[in-house]
There are 2 protein chains.
Amino acid sequence: MAGGISLKELAAELKLAPSTVSRALNDSYEISDATKKKVISMAEKLNYHANPFARSLRENKSKTIAVIIPERINSFFAQVMDGIEDIAQEQGYHLLVYNTHEDVEKEKKIVNLLLNGRADAIVMSVSSQTSDISHLKKLHDRGLPIIFFDRICNDIPTTKFITNDYEIAFDATKHLIQQGCKKIAFLMLSKDLSITKERQRGYLDALKDEGMEMNPAFDFYCSHVEETNVQLIHEMLTSPSKPDGILASVEKLGFATYHAIKNTKIRIPEDLKLISFSNASIAGILSPSMTTITQPALTIGHECAKLLIKKLNKPKHYDLVDQVVTIPSVITVRESTFSE
Amino acid sequence: MAGGISLKELAAELKLAPSTVSRALNDSYEISDATKKKVISMAEKLNYHANPFARSLRENKSKTIAVIIPERINSFFAQVMDGIEDIAQEQGYHLLVYNTHEDVEKEKKIVNLLLNGRADAIVMSVSSQTSDISHLKKLHDRGLPIIFFDRICNDIPTTKFITNDYEIAFDATKHLIQQGCKKIAFLMLSKDLSITKERQRGYLDALKDEGMEMNPAFDFYCSHVEETNVQLIHEMLTSPSKPDGILASVEKLGFATYHAIKNTKIRIPEDLKLISFSNASIAGILSPSMTTITQPALTIGHECAKLLIKKLNKPKHYDLVDQVVTIPSVITVRESTFSE
DNA sequence: TTGTATGCGTTATCAA
DNA sequence: TTGATAACGCATACAA
């Protein structure tokens, strides 16, 4: 829209050839300092700004990274986004952001939109509905650099950044047991999610390690509808075979548990101990405050962006090798898991 | 990057002229149905995707909207973003997202980045540090459509979407008074912010309306550093002239108040009643739950995007007239303002 | 209904 | 050190 002045016009004003002006602005070694100075000052005076689309067309790159997340109202994803943006801004990259709302159909649409090269690369965390990954394969096969974080696709050979899901879930479960829990439930989203699998494995191994029985009723699948989850958790917590400990594999299920015990006689931590993955600072102002597994969200964002931009700047020198990079989480013990 | 097939190549494959193929794909009336069908099916078969930069260069528009917000970890802004994205996605627009982190220098940099036409339009909420608005004026003068929401710039003649800041702050203050508060403090960010001014005006008028004195110490300015705010609020709440009611003009100051009373003897709502602007669903699981002023965030996002896209699609027919559109908030009364 | 030619604003190749 | 020219991929004015 807002048509500024073009390179050609700027060149005319300077009585120079467009190519000369272009080189001067790009600080080419072929151009004399005198000319560079003149060009730059005139460009500023006339408020010249290179047209990014002409440049993208010419150079076949957009200086744009697409970020796809499953939800926006989530402290973890918001922090990762902030981390990605830190690096991107510093390196002159722009961020195209898409929210799939946990909907795989929406995810497919978005991914297909990116097939045209609008973004140079993609950072994403898949939706909880994503099991068929052909749309993502297609993207990768097309040669578009793609990095996964948190909810990853193991079948796509690229670099993934996660936290130590297995270990920290193991530790969290052990923590609940140490605090006296005998019957621990595991709250999760879809079973297809990488984080579900790993965190559940950690949970189950901790139980096994302690010689505790695994009650299938305590493998608790939730939906992405908030009200339903609250309802289901409420039912579980008021049933005869109710758990005395909960490990919530994602933030919103931790919060849903607080919702579920509202207007009940269940007290945390006396009747029920709770630990949840969450990066929300408000975990500390809940009453009782909530013990959380805090993920290195900002760092994950930073690392994703750094690696991707390295790759984009020097495609020959860097590769998105097929590996999973693990950055450890930290358990912040608060009142919801106090033993007394 | 990932070089797909071009229009020319597609045309060659079809033994048609590029212009014909272009017109067929754009569903031009000049092209026969038979040709259209052939072209479309071949395009699908060969996985053709129009290069967005060539198109943007040619058409002088990018199908991209830039959104600038002051913080990402904020339920209001996150919901507005979701609202904008709903409409944008539906209308084939992409979202470039920038977080200023309440830093006006960062805001200036971002705004200057957008001077080159990378985005067709801008939706923004200014940082709390923004008082000099020359960078925004420049953008507007350049003819770039820009819309403000929530934290608006009155001096820039365009459409702004806000909630009924004055009235709802007035009502909220009245609510506190009705619940028995005698000394009400008003928590705010920078005094330059449009929302600060309006909400404070509502607060003050409510006090005046009730014949209550206005204690300047209760006009409480906060920083954007979380810890400092908690500290300052704590000091206020433990000083001899402490308030018995608080109206927090933004979410994080409401939360900061909960933080500040942790480990004190102050009880909400018995000793202190609190109402805060906030769209966070977790307001309901705080203990006591927090009375909130819920802004129509999703609707604000929708309206911003709708108006902007209307303008972009038919620049002649729509104008971003200089007016403030108000969409009312709702007070959700919870335990933090119970009278007993 | 389809084809030919041009230009959007850059950068790069080649020539001067 | 600078200038002329072509090309990126697309959409349109004009020609057929």
Side-chain angles (χ1 to χ4, degrees), chain A residues 1-40 42-43 46-64 92 115-120 142 313, chain B residues 1-40 42-43 46-64 92 115-120 142 313:
Chain A
M1 204 77 229
I5 187 183
S6 80
L7 186 70
K8 226 197 296 190
E9 295 169 300
L10 176 58
E13 200 66 38
L14 284 157
K15 295 185 204 287
L16 283 170
S19 55
T20 305
V21 176
S22 171
R23 277 180 284 224
L25 290 172
N26 290 315
D27 202 27
S28 160
Y29 67 96
E30 315 171 277
I31 302 294
S32 74
D33 282 356
T35 307
K36 278 185 193 171
K37 237 180 232 164
K38 253 194 307 196
V39 170
I40 289 169
M42 182 62 84
L46 299 186
N47 240 295
Y48 168 78
H49 296 276
N51 181 314
F53 307 116
R55 185 171 278 168
S56 290
L57 178 59
R58 184 61 229 245
E59 309 212 299
N60 203 28
K61 60 182 177 198
S62 61
K63 283 282 196 173
T64 300
L115 243 28
N116 63 11
R118 183 178 286 270
D120 293 338
R142 278 278 203 114
N313 288 345
Chain B
M1 205 78 227
I5 187 183
S6 79
L7 186 69
K8 221 195 300 188
E9 295 168 300
L10 176 58
E13 199 66 38
L14 283 157
K15 295 185 202 289
L16 283 171
S19 58
T20 305
V21 176
S22 171
R23 278 181 282 229
L25 290 172
N26 290 317
D27 201 27
S28 161
Y29 67 96
E30 317 172 275
I31 303 294
S32 73
D33 282 357
T35 308
K36 278 184 192 171
K37 238 181 231 163
K38 254 194 306 194
V39 170
I40 290 169
M42 181 61 85
L46 299 185
N47 239 295
Y48 168 78
H49 296 275
N51 181 315
F53 308 116
R55 184 172 278 168
S56 290
L57 179 58
R58 180 62 228 245
E59 309 216 295
N60 202 29
K61 60 182 175 197
S62 61
K63 283 281 196 175
T64 300
L115 242 27
N116 62 11
R118 183 177 287 269
D120 293 338
R142 279 283 205 105
N313 288 345

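Atom set for the values below is all heavy atoms of this structure, side chains included, hydrogens, waters and symmetry mates excluded. Proteins come first, then strands; the chains are lettered A, B, ... in the order of their sequence lines, and each starts at number 1. Since we're looking at a predicted model, the values are computed, not measured.
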Would you kindly give the [atom1]-to-[atom2] distance between [X] and [N], to the nearest whole Å?
X	N	atom1	atom2	result
B/Phe53	D/dA11	CZ	P	14 Å
A/Leu10	C/dG9	CG	P	13 Å
A/Lys36	D/dT1	NZ	P	9 Å
A/Asp27	C/dA12	CG	P	14 Å
A/His49	C/dC8	NE2	P	20 Å
A/Lys38	D/dT2	NZ	C1'	11 Å
A/Asn60	C/dG9	CG	P	20 Å
A/Asp33	D/dT2	CG	C1'	15 Å

What nucleotide, of [options], holds the atom closest to the side chain of [X]?
X	options	result
A/Ala50	C/dT10, D/dC8, D/dC10	C/dT10
A/Asn51	C/dA12, C/dT10, D/dG9	C/dT10
B/Ala17	C/dT4, C/dT10, C/dT2	C/dT4
B/Arg55	C/dT10, D/dT2, D/dC10	D/dC10

- Task: Please list, chain by chain and in numerical order, all residues satisfying salt bridge (Lys or Arg N to Asp or Glu O under 4.0 Å) with A/Asp27, sequence neighbours excluded.
- Result: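 Residues passing salt bridge (Lys or Arg N to Asp or Glu O under 4.0 Å) with A/Asp27: A/Lys36.
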- Note on the structure: Assert: residue with more 5' nearest nucleotide on DNA chain D, out of A/Tyr29 and B/Leu25, is A/Tyr29
Ignoring backbone atoms, test whether [X] places a side-chain nitrogen or oxygen under 4.0 Å from the OP1 or OP2 oxygen of [N].
X	N	value
A/Lys8	C/dC8	yes
A/Thr20	D/dT2	no
B/Arg58	D/dT12	no
B/Tyr48	D/dC10	yes
A/Ser6	C/dC8	no
A/Ser22	C/dA12	no

Listed by chain and number, what are the side-chain hydrogen bond (donor to acceptor under 3.5 Å, both in side chains) partners of [X], not counting sequence neighbours?
X	answer
A/Asn116	none
B/Glu59	none
A/Glu9	A/Ser6

- Check each of B/Leu46, B/Asn51, B/Asn47 against B/His49 using the side-chain contact (heavy atoms from CB on, under 4.5 Å) test, and report the only one that passes. B/Asn47
- Message: We want to know whether B/Thr64 and B/Asp120 form a side-chain donor-acceptor pair, criterion being a heavy-atom distance below 3.5 angstrom.
- Response: no
For nucleotides 13-16 of chain D, list the nitrogen or oxygen atoms of the protein found under 3.5 Å from its nitrogen or oxygen atoms, one pair per line.
from: D/dA13; atom 1: N6; to: B/Arg23; atom 2: NH1; distance (Å): 3.3

Enumerate donor-acceptor pairs with a distance under 3.5 Å from any side-chain N or O in residues 10-24 of chain B to protein atoms, sequence neighbours excluded.
from: B/Ser19; atom 1: OG; to: B/Arg23; atom 2: NH2; distance (Å): 3.2
from: B/Arg23; atom 1: NE; to: B/Ser19; atom 2: O; distance (Å): 3.4

- Item | Residue whose nearest DNA chain C nucleotide is more 5′ - B/Thr35 or A/Asn26 |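 Checking each residue's closest nucleotide, the 5'-ward one belongs to B/Thr35.
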- Is a side-chain donor or acceptor of A/Ser56 paired with a backbone partner of A/Pro52 at a separation under 3.5 angstrom? yes
- Counting any heavy atom closer than 4.0 Å, what does B/Ser56 reach on the DNA or RNA strands: base, sugar-phosphate only, or nothing? nothing
